[in-house]
Amino acid sequence: MLLVAVCLAWHMSSVAAFAPSALRLQSSRTSSLCARPTVLRLRPGHILRGSALRLADCDEPEGGEEAPEPFLYQGPLGNRDEMETGFEIQELGLTLMVGKSTVAPGRGLFVALADEAGVDRVELPEGTLFAGYSKVGAWAVSAQGDKAVAYAFEDPDTACVCEKELKPLIEAVATAAGVTENITAGLAGHLIFVDETDTLGVAPDAAWPSGRYFIPQDTPDPADITPANLGMLCNDLAFENGVCDSEEAYLAAALEKDVLHLVWRLAEKDGVLAPTWPLVFVKRSVAFTNREPMEIGISYGFRYWQGVMDAEASAG
């Protein structure tokens, strides 16, 4: 039986949580300047994770064309008996688990088919909501720790979530209910403009006084892990020091190994769109057939790893 998941409920309420013992029964960073996805242009020595999903890159098949076959995910295998906690996400037909990462110190996020009779394959279209990143945290003017998320856009086609829909940033600013400011000032912390080539652009406003980095609250106790904060436990599976030593090599590896991406949820506040919390989406159509947990990855971006390598080289 094939199960195609279309969308995860926005409040992520249809989940079943498992204690470590229940999971066993189912078997019948480095730098203080790290921040996850952003489209902010990087200054030398400034390490930021990832780049934003662009809806313009997610083209629908033209009339009469069939959608491409979903990519069959094959990630590093984990041990179900060693998972700390897990959740069966009914809308996805998957069980998401947290355990020791196969690629990095600390935890990682793992995925397996849910224990549902007759289901031997789950397909998730690109743009499917996968999990939350974290609702609980603090805003800061500089990145802290290795899970910080930068709130910064420089492409109007960047995907965002607004009014429970995944849409291009510029469409969200132009159509969101309650946004009373002119579109050029309708996005908190940013300037929207037309450049010298008559191309619409967006850039972070350097004069914005508020913190631009969301620092999620850590979850050392497995009891504090929920579907709303699973995303911050994802690691980048694409980078191997000495192997992915070029952007081209990294992007090729990320295409195969990292199927998730962070997207900002925006909402109206004081007449403009403002950030609320990051969410994790599927960035390419993917299929799962594994019943044992496989670690699943999220792209940090080659510039992040280049910054890490440069910092290590300077320190060494």
Side-chain angles (χ1 to χ4, degrees), residues 5 8-9 11-27 29-30 34 36-37 49-50 73-116 122 124 128-137 145-149 214-239 257-262 277-283 286 288 290-300:
L8 179 61
H11 297 291
M12 300 181 201
S13 58
S14 299
V15 299
F18 300 101
S21 58
L23 283 170
R24 285 194 287 271
L25 291 174
Q26 283 192 75
S27 58
R29 238 125 111 106
T30 57
C34 300
R36 298 196 180 189
R49 291 190 177 182
Y73 186 70
Q74 297 289 335
L77 280 171
N79 187 333
R80 188 181 291 263
D81 290 342
E82 296 178 357
M83 297 294 144
E84 296 181 41
T85 189
F87 304 87
E88 185 174 293
I89 311 298
Q90 295 174 7
E91 289 91 344
L92 298 183
L94 297 173
T95 297
L96 305 185
M97 292 166 271
V98 175
K100 183 179 179 181
S101 173
T102 64
V103 300
R107 294 163 164 163
L109 183 62
F110 294 78
V111 60
L113 292 180
D115 189 16
E116 184 172 341
V122 167
L124 304 183
T128 298
L129 177 60
F130 195 80
Y133 188 81
S134 180
K135 278 187 173 181
V136 182
D146 64 352
K147 294 180 173 61
V149 181
F214 177 71
I215 316 297
Q217 181 175 296
D218 199 9
T219 55
D221 186 345
D224 294 330
I225 299 173
T226 74
N229 59 22
L230 283 172
M232 71 176 184
L233 301 172
C234 286
N235 294 302
D236 190 337
L237 307 184
F239 182 82
K257 298 180 180 181
D258 294 332
V259 300
L260 303 178
H261 210 112
L262 275 160
W277 62 304
L279 299 165
V280 176
F281 279 77
V282 174
K283 72 175 182 180
V286 62
F288 299 92
N290 55 295
R291 297 202 175 275
E292 291 305 310
M294 290 182 178
E295 187 164 5
I296 192 164
I298 192 167
S299 296
Y300 294 175

CE of Met83 to CG of Leu109, rounded to nearest 0.5 Å, is 9.5 Å
Could you walk me through whether Ser299 and Lys257 pass side-chain hydrogen bond (donor to acceptor under 3.5 Å, both in side chains), step by step? CA-CA 9 Å; Ser299 296; Lys257 298 180 180 181; over 6 Å; no
Evaluate the criterion side-chain hydrogen bond (donor to acceptor under 3.5 Å, both in side chains) for residue pair Ser101 and Glu295; output intermediate values, then yes/no. CA-CA 7 Å; Ser101 173; Glu295 187 164 5; 2.9 Å; yes
Search all heavy atoms of Asp258 against all heavy atoms of Lys283 and return the closest pair with its distance. O-CE, 2.6 Å
Return the minimal non-hydrogen interatomic distance between Gly93 and Val122, and the atom names on each side. O-CG2, 3.6 Å
To the nearest 0.5 Å, how far apart are CG in Leu96 and CD in Glu88? 10.0 Å
Flag side-chain contact, heavy atom, 4.5 Å: Leu262 against Ile298: yes
Rounded to the nearest 0.5 Å, what's the gap from OH on Tyr73 to CG on Leu124? Could you check? 12.5 Å
Using every non-hydrogen atom in the two residues, find where Trp277 and Gly132 come nearest and quote the distance to one decimal. CZ3-CA, 3.7 Å
Applying side-chain contact (heavy atoms from CB on, under 4.5 Å), run through Val282 and Leu260 and close with a yes or a no. CA-CA 5 Å; Val282 174; Leu260 303 178; 4.2 Å; yes
Return the CD1 to CG distance between Ile296 and Leu237, rounded to the nearest 0.5 Å. 8.5 Å
Between OH on residue Tyr133 and CG on residue Leu279, distance to nearest 0.5 Å: 12.0 Å
Minimum heavy-atom separation for Gly99 to Phe110, with atom names? O-CE1, 3.7 Å
Hey, is the main chain of Gln74 close enough, under 3.5 Å, to the side chain of Asn290 for a donor-acceptor pair? no
Supply the atom-to-atom distance Arg107 CZ to Lys100 NZ, rounded to the nearest 0.5 angstrom. 13.5 Å
Can you find a pair of side-chain heavy atoms, one from Leu92 and one from Thr128, that are under 4.5 Å apart? yes
What I'd like to find out is whether the side chain of Phe130 reaches to under 4.5 Å of the side chain of Leu94, using heavy atoms alone. yes
Of the non-hydrogen atoms in Pro278 and Ser134, which two are nearest, and what is the gap between them? CD-O, 3.6 Å
For residues 219-234, please give each side-chain donor-acceptor pair under 3.5 Å, one per line with the distance, not counting sequence neighbours.
| unit_1 | atom_1 | unit_2 | atom_2 | d |
| --- | --- | --- | --- | --- |
| Asp221 | OD1 | Ala223 | N | 2.9 |
| Thr226 | OG1 | Ala228 | N | 3.1 |
| Asn229 | OD1 | Thr226 | N | 2.8 |
| Asn229 | ND2 | Asp224 | O | 3.0 |

